Amino acid sequence: MMSAEDNELLCRVGPGTPMGEVFRRFWLPAIGSAEIRQKDGAPKRLRLLGEDLIAFRDSNGEPGIIGAYCPHKLAPLYFGRNEECGIRCSYHGWKFDTLGNCVEIPNLPPNFDTKALQARAKIPGYPVREAGGMVWVYMGPRDKMPDLPRMEWLRVPEDHVYAARWLQRTNWAQGMEGEIDSSHISWLHRDLVPRKTEPPVLQTSPIVKGLVDGAPVMKLVERDYGFVYGARRQMSTGGYYWRVTQWMLPMFSQIPHDSFPRSGRAWVPIDDDHTSVVTYAYRADRAYTPLEIDYIEEGNGFPPPLQPSVYTLPDGYRIDIFESIATKENDYGLDRLRQRTQNFSGIHAITDQDRALQENMPRMVARGFGRNGVGGMVDRGQELLVASDLPVITARRMLLKLAKDMRDGIEPALPQRPELFNVRSASAVTPVGDFDEFLREHESEMLAPA
Ligand code: FES
Ligand SMILES: [Fe+2]
């Protein structure tokens, strides 16, 4: 049972919180490269770890992620002009580059030396990198900035990766925990009749295999990067079906696959109550074909069809993001006839099925958590966890250790070891029932080439 104090420690990510500081030691996938593809194009509004930001691409093609407000009168830079290598505030013309430096203050007499004022007008401007179709940002202290994690999808050519993101209206941990909950695959995501055969675009392990045994045995081995866990299901034909997931601190996953394409997610906190869910799929062997990309974007695998949206957060700040057409307001397209005849949930798309449950768990609005009465965290003290929740329990323990260490001034070691992220998941039907033996047998397949 989790104490209220630990629950807050796990969930809160705003500036100055221990978990927020933990996240600020890792590179975070902030926005799709394509969302700011155009040089001097429209900036996009983000909130990350409770901090309001804008992302834009300057005249040289350099991406930048900087503070959202002009330091003069606090006007929103989103409304500014992206021109000649910087954003010019549309109120009085002050201008900022991709690092947040104030490069011009034009509304003062020509003989006024603006240098000192420009220095004071510096706004946050965070280091960024582009990889895997995403712009990554590092929001921590500069002297602790690591290299990008060596995940395989960040190292393949751009046309070998598909990445997308969408809004989830929950705390980051609430969504992320669904990612390491293998037992729900057999239930929430069950199809009562096999779906039309789908080309293996995003998911190579047919979920229908989960049908064989709805009570998997969970095995987990902790690693320096997080853990690897296997859900073992008994096959009716003999042998075991293993789904082996990689989970990397603080919120990266790789879903079980036995070949390309491989996929996973990152749960990037917007603030305490909202999450940008980044999904990726990649092939190391070849580029995606245009047909496959069309197929994905039509919502045939996951994600569901996504549409660009401008979402107004409860405190009035608006963010540019994507949303599924299935939302809380339309009960995610829940169809009772479909639930009786087609699938277990009655909701069409896999990630909408997850979101429907996670976004509607009861919230506990504690000590200011959940702004304007919206949001808040699930009361983890009320849960009744069972053996199949082992990965969630372990993840919470590892995350709380990082947050408590951070509170005590102990820095996480993992960000400084980017090579540890070079892992692959696995999935196989085998007579091997012992997890250690399975891992030994699949050791070479579960490491991407250095
Ligand atoms: S508020 Fe931005 S220049 Fe005045
Ligand atoms: Fe799920």
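Numbering starts at 1 and runs along the sequence shown. First listed ligand is number 1; within each ligand, the first listed atom is number 1. For clarity, every value in this text was computed on a predicted model and none was experimentally measured.
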**Q** When the ring planes of His72 and His92 are compared, do they come out parallel, tilted or perpendicular, using 30° and 60° as the limits?
**A** perpendicular

**Q** Looking only at side chains, do Arg318 and Thr312 share a donor and an acceptor under 3.5 Å apart?
**A** yes

**Q** Given Trp136 and Trp153, is the ring pair (Phe, Tyr, Trp, His ring centres under 6.0 Å) satisfied, shown in steps?
**A** CA-CA 13 Å; Trp136 294 66; Trp153 65 288; 5.7 Å; yes

**Q** Show me which atoms of ligand 1 lie under 4.0 Å from any heavy atom of Ala75.
**A** 1 (S)

**Q** How is the N/O/S atom of His72 that comes nearest to atom 4 (Fe) of ligand 1 named?
**A** ND1

**Q** May I ask you to check if any N/O/S atom from Cys70 comes under 2.8 Å of atom 2 (Fe) of ligand 1?
**A** yes

**Q** Taking Phe227 as the fixed residue, which of Leu249, Leu390, Val221, Thr394 is the one that meets the side chain to side chain contact (heavy atoms under 4.5 Å, CB included) rule?
**A** Thr394

**Q** Return the CD1 to CG distance between Ile87 and Leu77, rounded to the nearest 0.5 Å.
**A** 7.0 Å

**Q** Using a 4.0 Å cutoff against the non-hydrogen atoms of Gly93, which atoms of ligand 1 qualify?
**A** 3 (S)

**Q** Which ligand 1 atoms, with their elements, are less than 4.0 angstrom from a heavy-atom of Trp94?
**A** 3 (S)

**Q** Is Cys89 close enough to atom 2 (Fe) of ligand 1 to have an N, O or S atom under 2.8 Å?
**A** yes

**Q** To 10 degrees, how wide is the angle OD1 (Asp354) to the Fe ion (ligand 2) to NE2 (His189)?
**A** 90°

**Q** So between Arg88, Lys73, His92, whose heavy atom ends up nearest atom 4 (Fe) of ligand 1?
**A** His92

**Q** For residues Tyr138 and Trp27, establish whether the separation of their ring centroids is below 6.0 Å.
**A** yes

